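Some notes on the structure that comes next.
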Amino acid sequence: MKTPDKKLWSGRFSSNPTTQTISFSHSIEADTRLIKYDIWGSQVHAIMLERQGIISEHDLREILHWLGKVEDDYQSGNFILDINKEDVHMNVESYLIENAGREFGGKLHTARSRNDQVLVDAHLYIREEILNVQRGISSLCDAFLNIAKLHVSTVMPGYTHTQHAQPISLAFWATAYVSMFLRDQKRLLAAYKLTNTNPLGACALAGTSFPIDRQLTTELLGFDSPHEHALDVISSRDFIAETLFALSMVMANLSRLSEEIVYWTTFEFSMAVLDDAYSSGSSIMPQKKNPDIAELTRGRTGRVYGALMDLLTNLKGLPLGYNRDFQEDKPPLWEAFDIVNDCLEILPHLIESTEFKTERMAELVNANFATATELANYLVKEHQISFRESHEIVGWLVGELVKQNLTFSDWDHTHTLLKQKEVDISISKLQNILDPAFALENNQSLGGTSPKEVCRMIDRFQIQLDDFNKIIYTNQIKIEDAHKMTVHEIDKIFNK
Ligand code: ARG
């Protein structure tokens, strides 16, 4: 290992850290994702320092010139973070000092600490990642809404305890996922709002005696507001915890979806067939077609939960102020974003390309008394008996049919058995009541299965999704505009 360079904070020290200390402490891998944000944050900080008369215009020009160069070098692969400089912040600052000299580069860190700087970088990076996740959720919702629009009358069994419960439609199933994922959008938006506040200017923990302008940096970085309390902001990682919880919940939901994909595609269920392009085979069993994407999604969920646990555990013992433990917040969060984004990129394609076996669904929903509740409801409505009594009669009927290995569709038996309980319903009426489509149609309560209600929910969810898409777009544009504004300010300095 090469001999470490002189540290930027070497003044107080009589010896350099050992190579072991350096390799134990650096955060270079995680920080690589932060370079462009660190540069943006530094540009904005320097512009503000000059506006406030803390550095001269000449200083600013030099600083911005070399920040531009480090950005170019980074884009062209010539600026690579060095572990001897510990982290992204000291790498960028060292580049400036090495190239512009201490008299200029050494001024950038006035009224700033790595403690607020690392938070600026993290806030800037995380908000963009949240927007990526939100876009992924929206495409998944699109995929489910497309299925829903085609299948409001496609009957299938609805399950409780993984046992046939009542008829639902494929659209009702699909819109349940939309309803669920819209809540993920809400949680992600809440995490976005917590994240989109400006830590810059909190400095080490106490603010500063320099006359900084935190509103200006807030505007140029596209934050909604400054995070005011300096000590609180330096100590806070709850925006990451919120984000990780939102990501964990997304994974819980994706994992439940995956579970359904896994068993719907079994021979036993045969309710769905995956496109070959989104399935895998076996190295030994030639006949196999496996739902690996769903299984891997399910299998990666724990890593995202782990990231949340990791962060919460990190936080629980920390006193106020910056603690180096905070450095450990990033790798698990990065991994969580990668996992969630990977899953959200592939799952909409998988869902869109899946073939739903509607005949099989109809066969199953007719085979196992899924309309029993509707018959019980009918007896309450038309035969003036209490629900408990009608439940008893229909339960008894099902028990008798099961004993004889029959179903409701053995109409004569169903009719005769009911008569034994003094319930006389004609066969044609029975055929009507016990038709899954009728049960579907009949559940017209708010949020129920009737095609009319499902169509209403499809429209409503579509509107909600469009609203989220508008917010995602507006937030994205706000970030881009802020960056353009920064570039414009930089151009103004150079064109003076
Ligand atoms: N690499 C550090 C982190 O990720 C940056 C801040 C370092 N601050 C300090 N006082 N050592 O948290």
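Whatever order the structure lists ligands and atoms in, that order sets their numbers, starting from 1. Keep in mind it's a predicted model, so treat the numbers as computed, not measured.
- Ion pairing of Arg114 with Asp87 is present here, as a side-chain N (NZ or NE/NH1/NH2) and a carboxylate O approach within less than 4.0 Å.
- Looking at every heavy atom in both residues, Ser169 comes nearest to Met156 through C-CG, 3.9 Å.
- One finds no salt bridge joining Glu259 and Arg256 here, because no Lys/Arg side-chain nitrogen approaches an Asp/Glu carboxylate oxygen to under 4.0 Å.
- Between Arg324 and Glu86 there is a salt bridge, since a side-chain N of the basic residue sits under 4.0 Å from a carboxylate O of the acidic one.
- When every heavy atom of Phe326 is checked against every heavy atom of Ile234, the shortest pair comes out as CE1-O, 3.6 Å.
- At a heavy-atom cutoff of 4.0 Å, ligand 1 is surrounded by Ser27, Asp87, His89, Arg114, Asn115, Val118, Tyr322, Gln327, Lys330.
- Between Arg187 and Asp184 a salt bridge is recorded (basic side-chain N to carboxylate O distance below 4.0 Å).
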